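This chain uses plain numbering: 1 for the first residue, then up along the sequence. Source: prediction; values computed, not measured.
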Amino acid sequence: MLCRRLRYSLVPLVLIAALALLVLRSRLGIGSPSAELLRAWFRTPEIRPTLISRLAEPCPNAPFLLPSEGFVGFLYADPTAPYTPFAPHTGIDIFGDGAPGTVPVYAAYDGYLTRLPEWRSTVIIRHPSDPLQPERQIWTYYTHMASENGVQSYIVDDFPPGTSEKFVKRGTLLGYQGLYSGAPYRIGLHVHFSIVLSAPDGSFRNETHIGNTLDPSPYLGFNVDARRQPTLPVRCGS
Ligand SMILES: [Zn+2]
């Protein structure tokens with residue numbers, strides 16, 4: 001009897017310990033295929049040229065253009081901080097080598113651009129026909145295009161707040177990489193890019209939930225899924 005009670009009382013302790021271990025792994029970057037290279041990117045800027053991916057054209061047989069030049073250094077479904085195994089990263093972060101407001105960000109694919117009135121650093125593009133599943137509509141989302149304090153937007157003047165459904169071609173300049181996170185933590189210079197599913201009413205779903213997003217790998221032509229041991233830096237076909 002005593003033994004059974006002891007066993008039951010240990011269950012919550014074991015669960016708490018397992019949870020603490022998961023959080024610790026997340027904080028330390030364990031489980032992230034890019035954590036070590038990302039640290040090197042910021043600590044040793046001389047190595048940056050070896051990590052940068054640049055694509056003037058999409059990869060062969062891939063519909064999307066990599067929307068900015070830089071180190072694809074934080075990957076889709078990465079469970080590490082500031083994300084968690086329960087709420088992993090929903091897109092890819094492309095870290096540019098330059099000053100804030102100077103590294104261009106381009107549309108990944110033809111579509112209709114919207115910038116909500118309150119968006120300082122973000123645009124979203126509606127693609128009525130997913131090039132990989134033509135019967136459905138998807139969206140591509142681009143954010144962090146503003147100064148660290150959010151005062152200066154780096155989105156080009158063609159797309160002021162309140163822009164709705166403006167047609168853009170793949171490769172159209174949208175803005176420049178920035179430092180604005182809109183969150184209480186600081187970020188390094190990058191653009192966050194994700195592919196978002198449509199709701200039944202045709203609007204875009206909440207981009208912060210991974211279940212509302214798609215793995216960008218087949219659209220870009222290289223593996224950016226943190227769960228599938230990607231090769232870094234990314235290259236076409238990797
Ligand atoms: Zn991101």
Side-chain angles (χ1 to χ4, degrees), residues 26-27 29 32-56 64-83 88-108 113 115 118-125 140-161 171-196 207-208 213 216 220 222 224 226 230 232-235:
S26 171
R27 288 267 156 222
S32 170
S34 59
E36 207 169 301
L37 287 175
L38 196 51
R39 275 193 284 272
W41 172 266
F42 286 106
R43 285 182 187 164
T44 323
E46 309 87 83
I47 68 157
R48 290 184 176 186
T50 66
L51 296 176
I52 287 174
S53 301
R54 56 175 66 83
L55 291 178
F64 283 10
L65 186 67
L66 182 65
S68 197
E69 179 180 306
F71 173 40
V72 182
F74 202 65
L75 303 171
Y76 184 69
D78 194 310
T80 63
Y83 298 91
H89 193 220
T90 59
I92 58 170
D93 290 350
I94 308 167
F95 294 84
D97 189 13
T102 66
V103 181
V105 176
Y106 303 102
L113 182 145
R115 178 180 175 191
E118 65 274 24
W119 281 358
R120 304 175 194 207
S121 72
T122 306
V123 298
I124 195 162
I125 301 176
T140 52
Y141 179 85
Y142 313 73
T143 194
H144 303 311
M145 293 183 287
S147 58
E148 188 165 13
N149 60 10
V151 170
Q152 188 186 357
S153 176
Y154 298 146
I155 296 169
V156 296
D157 293 342
D158 294 349
F159 312 120
T172 300
L173 178 65
L174 305 178
Y176 299 88
Q177 293 189 21
L179 292 166
Y180 181 65
S181 74
Y185 52 82
R186 298 184 74 182
I187 57 170
L189 184 80
H190 74 278
V191 63
H192 169 98
F193 169 73
S194 60
I195 306 175
V196 186
E207 189 269 345
T208 61
T213 64
L220 292 169
F222 42 79
V224 292
L232 295 174
V234 293
R235 297 282 180 262

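- A donor-acceptor pair under 3.5 Å links the side-chain atoms of S153 to the main chain of R120, judged by distance alone.
- In this structure, F193 and Y142 have tilted ring planes: the angle between them lies in the 30° to 60° band.
- Between W119 and I124, some side-chain heavy-atom pair lies under the 4.5 Å cut-off.
- Remark: the Y76 side chain and the T213 side chain contain an N/O donor-acceptor pair separated by less than 3.5 Å.
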Next item on the list: List the steps, then state whether side-chain contact (heavy atoms from CB on, under 4.5 Å) holds for W41 with D97.
Entry: CA-CA 9 Å; W41 172 266; D97 189 13; 4.0 Å; yes

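- In this structure, the separation between CG on L37 and CD1 on I47 is 6.5 Å, given to the nearest 0.5 Å.
- Side chain of S194 to main chain of G91: no donor-acceptor pair is present (N/O by atom type, distance under 3.5 Å, no hydrogens or angles).
- G98 approaches L189 most closely through the heavy-atom pair O-CD2, 3.2 Å.
- Atoms NE2 and OG1, on H190 and T143 in that order, are 8.0 Å from each other to the nearest 0.5 Å.
- The two residues V72 and V224 come nearest to each other via the heavy atoms CG1-CG1, 4.1 Å.
- Judged by distance alone, the side chain of S32 and the main-chain N or O of D78 form no donor-acceptor pair under 3.5 Å.
- Contact check for R48 versus F42: side-chain heavy atoms found under the 4.5 Å cut-off.
- Between the NE2 atom of H144 and the CG atom of D93 there is a distance of 5.5 Å, given to the nearest 0.5 Å.
- Classification of the F95-F71 ring pair by plane angle, with boundaries at 30° and 60°, yields tilted.
- Heavy atoms only, all atoms of each residue included: S68 and V105 are closest at OG-CG2, 4.1 Å.
- For the residue pair S181 and R186, no side-chain donor N or O sits within less than 3.5 Å of a side-chain acceptor on the partner.
- Smallest separation of non-hydrogen atoms from I195 and T140: CG1-CG2, 4.3 Å.
- Under a 3.5 Å cut-off, the side chain of T90 and the backbone N or O of E207 do form a donor-acceptor pair.
- For the pair T102 (side chain) and A99 (backbone), a donor-acceptor distance under 3.5 Å is present.
- Scanning both residues, G188 and L179, for their nearest heavy atoms gives C-CD2, 3.6 Å.
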Next item on the list: Kindly indicate, with the supporting measurements, whether the criterion side-chain contact (heavy atoms from CB on, under 4.5 Å) is fulfilled by Y180 and Q152.
Entry: CA-CA 9 Å; Y180 181 65; Q152 188 186 357; over 6 Å; no

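- The aromatic rings of H89 and Y83 sit tilted relative to each other, their planes meeting at an angle between 30° and 60°.
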Notebook entry, point to check: Could you go step by step and tell me if F74 and I187 meet the side-chain contact (heavy atoms from CB on, under 4.5 Å) rule?
Noted result: CA-CA 12 Å; F74 202 65; I187 57 170; over 6 Å; no

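- Inter-residue side-chain proximity for V156 and Y176 is flagged as met; some heavy-atom pair is nearer than 4.5 Å.
- By the neighbour-count criterion of 12 heavy atoms within 6.0 Å, atom CG of N149 is densely surrounded, having more than that number from other residues, nucleotides or ligands.
- Here the side chains of L55 and F222 are in contact, with some heavy-atom distance below 4.5 Å.
- The two residues L232 and S34 make their nearest non-hydrogen contact at CD1-CB, 3.5 Å.
- The side-chain heavy atoms of I92 and L66, taken from C-beta on, include a pair separated by under 4.5 Å.
- For the pair Y154 and S121, the minimum side-chain heavy-atom distance is 4.5 Å or more.
- For the side-chain contact (heavy atoms from CB on, under 4.5 Å) test with S53, the passing option among I94, L220, V234 is V234; the others fail.
- Residues L174 and V191 have side chains not in contact (no heavy-atom distance under 4.5 Å, counting atoms from C-beta outward).
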